[in-house]
Amino acid sequence: MSQGRNLWLRRFHSVEHGDGTAGNPAFELICFPHAGGSAAYWRGLAVELAPVVDVLAVQYPGRLDRLHEPPVEDLHRLADLVVAELGPPGDRPRALLGHSMGASLAYEVAVRLARVPGGQPLLLVLSCRRAPDAARRRPRDWPRDDAELIARVRTLGGTESALLDDPELLDVILPALRGDYRALATYEPTLGRTLSCPVVALTGDRDAEVPVEDLRDWRECTSGDFRTRVFEGGHFFLNDHVGEVAELIRGMLPASAG
């Protein structure tokens, strides 16, 4: 895995040329992982979208090669930090994709980018996350201690659940999980129709965390095109549908995306 631009963004060798460059992709896709997750979650999607789309996966503090850094326990502050790292709009159109907690973060980053002339993303894809209005209507039910936190992660599934059986690995990943869930517990989303870009909301048909009706409320966040897509699977449906999600993203980019 290469460093990409800085500590925050990751590219993957499998989508690069032999000289270490990533070619000349027409589009840039910024991907935000779930609570407790890392940039590596998006490797498969990067392979599927290469070489036309340059996937840059966000690496949050407090995990893997950023393990020595404390997790950021405020999603608004985390969004501000990511926007600062992304910098001003470049030559390539930029799209955003977030899964679970990463969807809330992608949305907040999109809101901030849209405040800058020419900064609004080309596309925003939100996976397995309730819309802001829907989240406000439901009571907050967050883990009260490590036991409840571990039980919640097991229920959701995903690659991290297998690590919870190893006490040494659990000690390594728990600080990031705690920090991410604290950030979620205190998060107050930006409300209103703040975007004009197309928004796509995804979920799995067996995801108990995100009922389809809550997913549809994301339409209130944009004046642009809005679509939903329900896949077979649970909260981590994406693990089994990477190719289909890549196809969906390619289909919503301009014709030059091929």
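- Just one of Pro33, Cys31, Cys128 meets the side-chain contact (heavy atoms from CB on, under 4.5 Å) condition when paired with His99; it is Cys128.
- Between Leu156 and Glu209 there is a side-chain heavy-atom pair separated by less than 4.5 Å.
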Could you walk me through whether Thr228 and Arg216 pass the side-chain hydrogen bond (donor to acceptor under 3.5 Å, both in side chains) test, one step at a time? CA-CA 7 Å; Thr228 61; Arg216 291 175 180 144; 4.7 Å; no
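- The closest donor-acceptor contact from the side chain of Tyr187 to the backbone of His76 lies at 3.5 Å or more, if one exists at all.
- More than 12 non-hydrogen atoms from other residues, nucleotides or ligands lie less than 6.0 angstrom from CZ of Arg206.
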Could you walk me through whether Trp218 and Tyr107 pass the ring pair (Phe, Tyr, Trp, His ring centres under 6.0 Å) test, one step at a time? CA-CA 10 Å; Trp218 279 111; Tyr107 166 67; 5.4 Å; yes
Set out, in order, the CA-CA distance, both residues' side-chain angles and the distance that settles side-chain contact (heavy atoms from CB on, under 4.5 Å) for Arg94 and Leu113, then state yes or no. CA-CA 10 Å; Arg94 176 184 288 161; Leu113 293 176; 3.9 Å; yes
Mind running side-chain contact (heavy atoms from CB on, under 4.5 Å) on Val53 and Ile249 for me, showing each step along the way? CA-CA 10 Å; Val53 180; Ile249 292 170; 5.6 Å; no
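- Residues Asp65 and Arg10 have side chains in contact (heavy-atom distance under 4.5 Å, counting atoms from C-beta outward).
- Open room surrounds CD on Glu247; 12 or fewer heavy atoms of other groups in view lie less than 6.0 Å from it.
- The hydrophobic cluster containing Leu64 does not contain Tyr41, counting ILVMFWY residues as joined when their side-chain heavy atoms lie under 4.5 angstrom apart, directly or transitively.
- For CZ of Arg77, the number of neighbouring non-hydrogen atoms (other residues, nucleotides, ligands) closer than 6.0 Å is 12 at most.
- Thr186 has its side chain out of reach of Leu75: every pair of non-hydrogen atoms, C-beta onward, lies at least 4.5 Å apart.
- For the pair Arg152 and Glu148, the minimum side-chain heavy-atom distance is 4.5 Å or more.
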